[in-house]
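First the structure, in the form of structure tokens, and then the observations on it.
A, B, ... follow the sequence lines: proteins, then strands. Residue 1 opens every chain. When reading the values below, keep in mind they use all heavy atoms of this one structure, side chains included, and skip hydrogens, waters and symmetry mates.
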Amino acid sequence: MSRIILPEPELLAIAVSGQDRLALANALNLLDDRRPDVRKCAATFLDALLVHQPESIGHLIGITGPPGVGKSSLTSALIKVWRKRGFRVAVLAVDPSSQISSGALLGDRLRMHDSGTDTDVFIRSLACRGESGGLSAEVWPMSMVMLAAFDIVLVETVGIGQKEIDVSKMTDTTCFVVQPASGDSIQFLKAGIMEVPHVIVVNKEDIGVSALKTLSELQNSLRRQTDKEGWQVQALSVSAVLCNGIESLADLLDSHRLWLLENGKFAAHRQRCQSEWLVKHLREEFGNYGIGLLGGEDAISQCLAASAPRRSPISEYESIRDLTIHAMKIKN
Amino acid sequence: MSTPERDKPWLMRTYSGHSSAKVSNELYRTNLSKGQTGLSVAFDLPTQTGYDADHPLARGEVGKVGVPICNISDMEMLFDQIPLSKMNTSMTINATAAWLLALYVATAERQGVAPVQLQGTTQNDILKEYLSRGTYIFPPVPSVRLTTDIIAYTVKNIPRWNPTNICSYHLQEAGATPMQELAYAISTAIAILDAVRESGQTSVEGLEQVVGRISFFVNSGIRFIEEACKMRAFSELWDRLTHERYSVQSEEMRRFRYGVQVNSLGLTEAQPENNVQRIVLEMLGVSLSKKARARAIQLPAWNEALGLPRPWDQQWALRMQQVLVFETDLLEYSDIFDGSPVISDKVKLLVDGATQEIARVQEHGGMIQAIESGYVKRQLVNSHTERMRSIESGSLKIVGLNCYQETEESPLTCGKDSGIMRVDPHAEHEQIERLNAFRAKRNINDVNIALASLSETARNGSNIMLPSILCAHAGVTTGEWAQALRDIFGEYRAHTGIDIPLNDDTRSARVAEIRMQVSKTGEELGRPLRLLIGKPGLDGHSNGAEQIAVKGRDVGFEIVYEGIRLTPEQIAKAALEEGVHLIGLSVLSGSHIEMIEDVFSQLNKIGLKGLPIVIGGIIPESDARLLRENGVAAVYTPKDIDMNRIMVDILNLIRRTNNLEPVLI
């Protein structure tokens with residue numbers, strides 16, 4: 001058996017806050033590790049990180065959309081704009097893994113070559129490892145760690161059909177990418193079947209008129225659509241390949257962040273993301289039965305929102321998990 | 001009895017060039033004196049991808065797989081004492097084809113030869129670069145525009161030039177079946193001819209001339225009967241296409257003209273002497289049928305899978321052609337296959353299959369769209385994966401490789417040079433010195449004016465050839481020419497095609513066992529095992545890296561695939577960010593020693609000392625030894641065909657690095 005060499009959580013947290021790239025890489029590896037001892041260490045590390053950076057800062061953005069729509073190229077173009085504006089950027093690129101071999105091909109960074117040697121850009125690929133909803137359990141804690149060292153953290157995921165914007169439950173701002181004349185996704189949006197993203201991007205404007213047609217259709221049907229918090233959904237068209245419209249997209253994404261801040265919704269939104277994440281994984285581990293034992297999803301969310309000060313995701317999960325197990329024991 | 005009238009022999013060439021223009025010039029003159037009838041210039045990778053010899057990405061690559069040409073003085077040196085008015089020169093050049101042709105024209109002008117007298121070929125088929133080979137620079141649309149500019153220019157100004165050699169060659173190397181070769185080559189021709197027609201640079205009669213100048217560069221594999229049928233199928237498909245789609249009336253203009261380099265994919269590193277008979281048999285496939293006989297043939301050397309061939313090896317390849325042409329009775333007969341029902345059935349099968357696939361490509365919106373969407377690449381990766389699996393399982397027999405492996409020691413490879421040529425390690429340094437001296441003495445004003453006119457032309461859509469010739473005379477360098485266009489057209493990354501469905505080979509207990517152990521080791525180490533796979537340097541032959549990536553995924557590794565053209569700094573950065581357990585690199589250009597040195601030093605710099613690295617490529621045993629001594633964990637060459645064994649090796653390397661006992665599978 002290999003001896004587990006655990007990092008010193010305090011020191012690691014200090015190094016990550018100090019933007020040490022190797023420390024960040026090690027921290028992400030730590031969060032990826034499922035061994036019980038290591039998980040405890042990860043919890044301590046996240047708590048320590050929270051002590052160093054108690055405020056919710058940075059901008060956590062989700063980019064999603066069907067395969068082949070040009071998400072990675074769009075990410076690459078956005079990175080260029082943000083770097084020009086002086087922001088440091090981290091990316092979590094999530095790809096599906098094989099159900100059979102559990103192996104995965106992670107090829108997204110290939111399309112982000114332009115930032116190949118820029119040490120103010122950090123890209124980690126992640127296999128979603130067969131989980132439903134297209135997002136790995138690791139996404140939320142990893143995003144938190146990246147936010148401690150970077151100004152902007154972008155989570156890129158593949159979304160198909162109605163699950164397309166699961167990522168919206170785990171980011172400040174969600175950007176949904178569609179292709180001109182791409183039937184299904186737009187139909188879902190129009191019919192209101194799918195949860196509404198904050199920003200809709202029609203990519204591949206370079207293909208021609210159909211992008212503008214798609215855009216105006218979207219704008220018409222979204223005219224009065226707002227999300228739960230009252231944000232008016234925005235749509236625009238860009239060309240990631242030609243780098244057209246990317247500046248405006250960056251502005252638009254940032255305007256949503258400012259809107260959250262100005263309306264005092266930012267911290268609460270993050271807290272809600274964390275509870276969504278907790279409930280999702282609680283459900284995966286204990287099913288609806290477990291959730292029911294704690295009084296249902298809403299009760300859990302309210303209880304979490306009330307609990308102050310804010311705690312790091314793994315610690316919070318562990319304690320709520322203990323509660324669930326305790327409740328199960330009483331019940332039996 | 002009268003002597004039958006013999007068919008004219010084809011052009012005999014040898015693909016060559018290395019180290020420097022001076023050394024290559026000497027080689028060309030020797031080859032010509034031995035009876036070679038044309039030249040086939042191999043350029044080094046920096047020249048092919050538009051970098052000067054002193055660019056960071058060029059390190060280790062200068063003069064390796066071909067001759068470095070940085071400016072007109074190199075080109076003049078390359079053809080010193082070779083009269084261009086009499087020479088037929090084929091240049092394997094694609095992304096920078098317009099530039100190298102401009103240098104060739106300018107060199108001819110300085111020799112006092114007018115463009116109209118020139119004869120030769122620019123490969124100039126960018127589309128296959130996105131599928132195989134990988135020496136593209138710009139996105140498909142501006143690249144195809146450069147291609148059409150060359151076609152329009154040469155049809156008007158160099159009427160005996162073949163402006164584009166549409167290549168099915170590299171498609172076969174990337175795994176294409178004969179049917180796929182036919183379909184994708186013809187689809188490429190459609191894309192190019194449509195682009196020429198739409199560019200408005202030629203009239204209707206002009207288009208007929210263009211069709212007449214289009215030639216093909218074809219591969220010929222070991223199944224030589226099928227290959228002969230493939231060539232007849234090509235003629236049929238081309239005749240029909242040019243008649244129906246482009247209304248070419250003249251039969252002469254519709255004739256399918258092609259040159260050949262026979263298959264390198266099937267050449268083996270194991271018992272390499274057997275490659276001689278493979279090459280000879282493959283040559284038969286493209287010469288037996290008079291109706292579909294090659295116009296030019298170049299043969300690889302028997303030792304291509306080992307490293308660079310020596311002059312003697314190239315001479316041997318030339319002599320194979322000469323024996324067939326001058327000693328046998330091949331050229332005395334009309335077509336020997338006419339009237340054979342077996343042959344015509346097979347041809348029909350190929351034509352029908354290809355016609356369907358061509359239609360499928362058109363449904364995807366044509367070849368450019370089918371490449372951009374990854375459709376074609378996926379088909380090729382699939383076929384290649386099939387081929388590798390059947391070699392591995394033994395259902396496809398390759399003598400010396402997966403059967404009859406026992407061998408006596410070969411006297412051909414036991415010499416001091418291990419049977420290959422080595423490029424002078426000072427070649428790169430000397431080329432950089434020459435480049436600097438050239439830069440110092442040119443008139444920078446002329447250079448700037450020429451570059452400005454190039455940029456303006458690139459932007460406004462006029463023909464790129466004239467300003468390029470102006471640049472050549474003004475002393476612009478290869479890197480400067482390409483950079484000016486990069487600034488306007490942008491750079492491109494091609495589809496990898498590796499997202500093919502998993503081969504769930506449940507019959508293979510071994511695969512299941514490896515999967516289980518990979519997963520178990522992942523649990524022991526706390527997280528799934530991750531590998532970084534990529535290609536450092538400028539070599540774009542990504543088949544090997546792609547196959548390893550797909551196989552790795554199939555046995556349960558998480559593969560971070562970084563693709564081609566990576567600097568050591570990028571590799572180290574990716575390894576850190578991705579938290580991988582091992583790095584696998586593929587290098588085929590011979591620059592492995594320099595490359596790996598740099599990768600190690602970059603890894604040490606960022607705190608990743610001790611991360612295991614494995615390498616695959618065309619690596620001579622003596623270099624492999626050196627690499628292992630320098631810390632490379634394992635070296636794989638084409639003779640390592642057991643992919644499962646490579647996967648077990650990698651697994652155990654990761655286990656050992658992390659103080660776990662190796663597993664036996």
Side-chain angles (χ1 to χ4, degrees), chain A residues 1-5 20-35 37-39 67-68 72-73 76 90-91 93 95-119 121-127 129 138 206 241-243, chain B residues 139 141 373-374 490-493 495-496 498-504 506 511 515 518-519 521-530 533-534 549-567 569-570 573-579 606-608 655 658-661:
Chain A
M1 191 68 201
S2 135
R3 201 166 60 86
I4 307 176
I5 308 164
D20 179 330
R21 292 172 48 82
L22 183 59
L24 176 59
N26 287 336
L28 296 175
N29 296 348
L30 184 71
L31 294 179
D32 214 358
D33 203 313
R34 286 117 190 244
R35 290 172 291 190
D37 288 352
V38 185
R39 213 171 143 77
S72 300
S73 308
S76 180
V91 177
D95 264 332
S97 54
S98 152
Q99 302 282 338
I100 301 163
S101 80
S102 76
L105 280 167
L106 309 168
D108 288 332
R109 49 183 311 130
L110 187 83
R111 295 199 173 265
M112 304 174 194
H113 255 247
D114 293 340
S115 48
T117 54
D118 184 348
T119 51
V121 176
F122 191 110
I123 302 166
R124 167 70 63 119
S125 314
L126 195 63
R129 295 164 191 166
E138 293 81 14
D206 41 302
V241 181
L242 301 177
C243 274
Chain B
V141 172
S373 73
E491 284 186 75
Y492 188 73
R493 289 283 149 194
H495 213 288
T496 62
I498 54 176
D499 46 347
I500 57 170
L502 180 111
N503 174 42
D504 187 28
T506 40
V511 169
R515 240 178 235 172
V518 166
S519 152
T521 304
E523 279 161 28
E524 285 175 78
L525 295 178
R527 58 195 183 102
L529 301 185
R530 292 165 74 93
I533 306 286
V550 170
K551 181 71 188 185
R553 188 269 318 256
D554 287 2
V555 300
F557 288 106
E558 289 188 3
I559 306 291
V560 179
Y561 185 64
E562 260 292 70
I564 63 168
R565 243 178 266 176
L566 304 170
T567 63
E569 206 182 340
Q570 285 174 320
K573 184 177 185 266
L576 178 128
E577 291 176 1
E578 297 291 356
I606 59 168
L608 291 183
R655 292 185 65 88
N658 292 282
N659 305 314
L660 294 172
E661 286 294 312

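- In this structure a side-chain-to-backbone donor-acceptor pair under 3.5 Å is missing from B:E558 to A:L106.
- For chain A, the nearby part of B:I606 is the backbone; its heavy atoms alone come within less than 4.5 Å.
- Contact count against chain A (heavy-atom pairs under 4.5 Å) is highest for B:P528 among B:P139, B:G607, B:G552, B:P528.
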Please assess B:R530 against A:S125 for the test side chain to side chain contact (heavy atoms under 4.5 Å, CB included), listing each intermediate value before the final yes or no. CA-CA 10 Å; B:R530 292 165 74 93; A:S125 314; 4.2 Å; yes

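- Here the rule is side-chain contact (heavy atoms from CB on, under 4.5 Å) with A:L105, and of B:V560, B:I559, B:D554, B:I533 only B:I559 fits it.
- Taking both residues in full, the closest heavy atoms of A:F122 and B:L576 are given as CE1-CD2, 4.0 Å, listed atom of the first, atom of the second, then distance.
- Using non-hydrogen atoms only and a strict 4.5 Å limit, the part of residues 21-29 of chain A facing chain B consists of A:R21, A:L22, A:A25, A:N29.
- Under the side chain to side chain donor-acceptor pair (under 3.5 Å) criterion, A:S72 pairs with A:D108, A:E156, sequence neighbours left out.
- Contacts of B:T567 classified as side chain to side chain contact (heavy atoms under 4.5 Å, CB included), with partners at least two apart in sequence or in another chain: A:T117, B:L57, B:E569, B:Q570.
- Contacts of A:R39 classified as side chain to side chain contact (heavy atoms under 4.5 Å, CB included), with partners at least two apart in sequence or in another chain: A:I314, A:Y317, A:E318.
- You'll find the side chain of B:E577 reaches within 4.5 Å of the side chain of A:R109, heavy atoms only.
- Between the side chain of A:R35 and the main chain of B:E524, a donor-acceptor pair closer than 3.5 Å is present.
- Looking at B:R655, there are no atoms closer than 4.5 Å to chain A (heavy atoms on both sides), in backbone or side chain.
- The closest side-chain heavy-atom distance from B:R527 to A:R34 is not below 4.5 Å.
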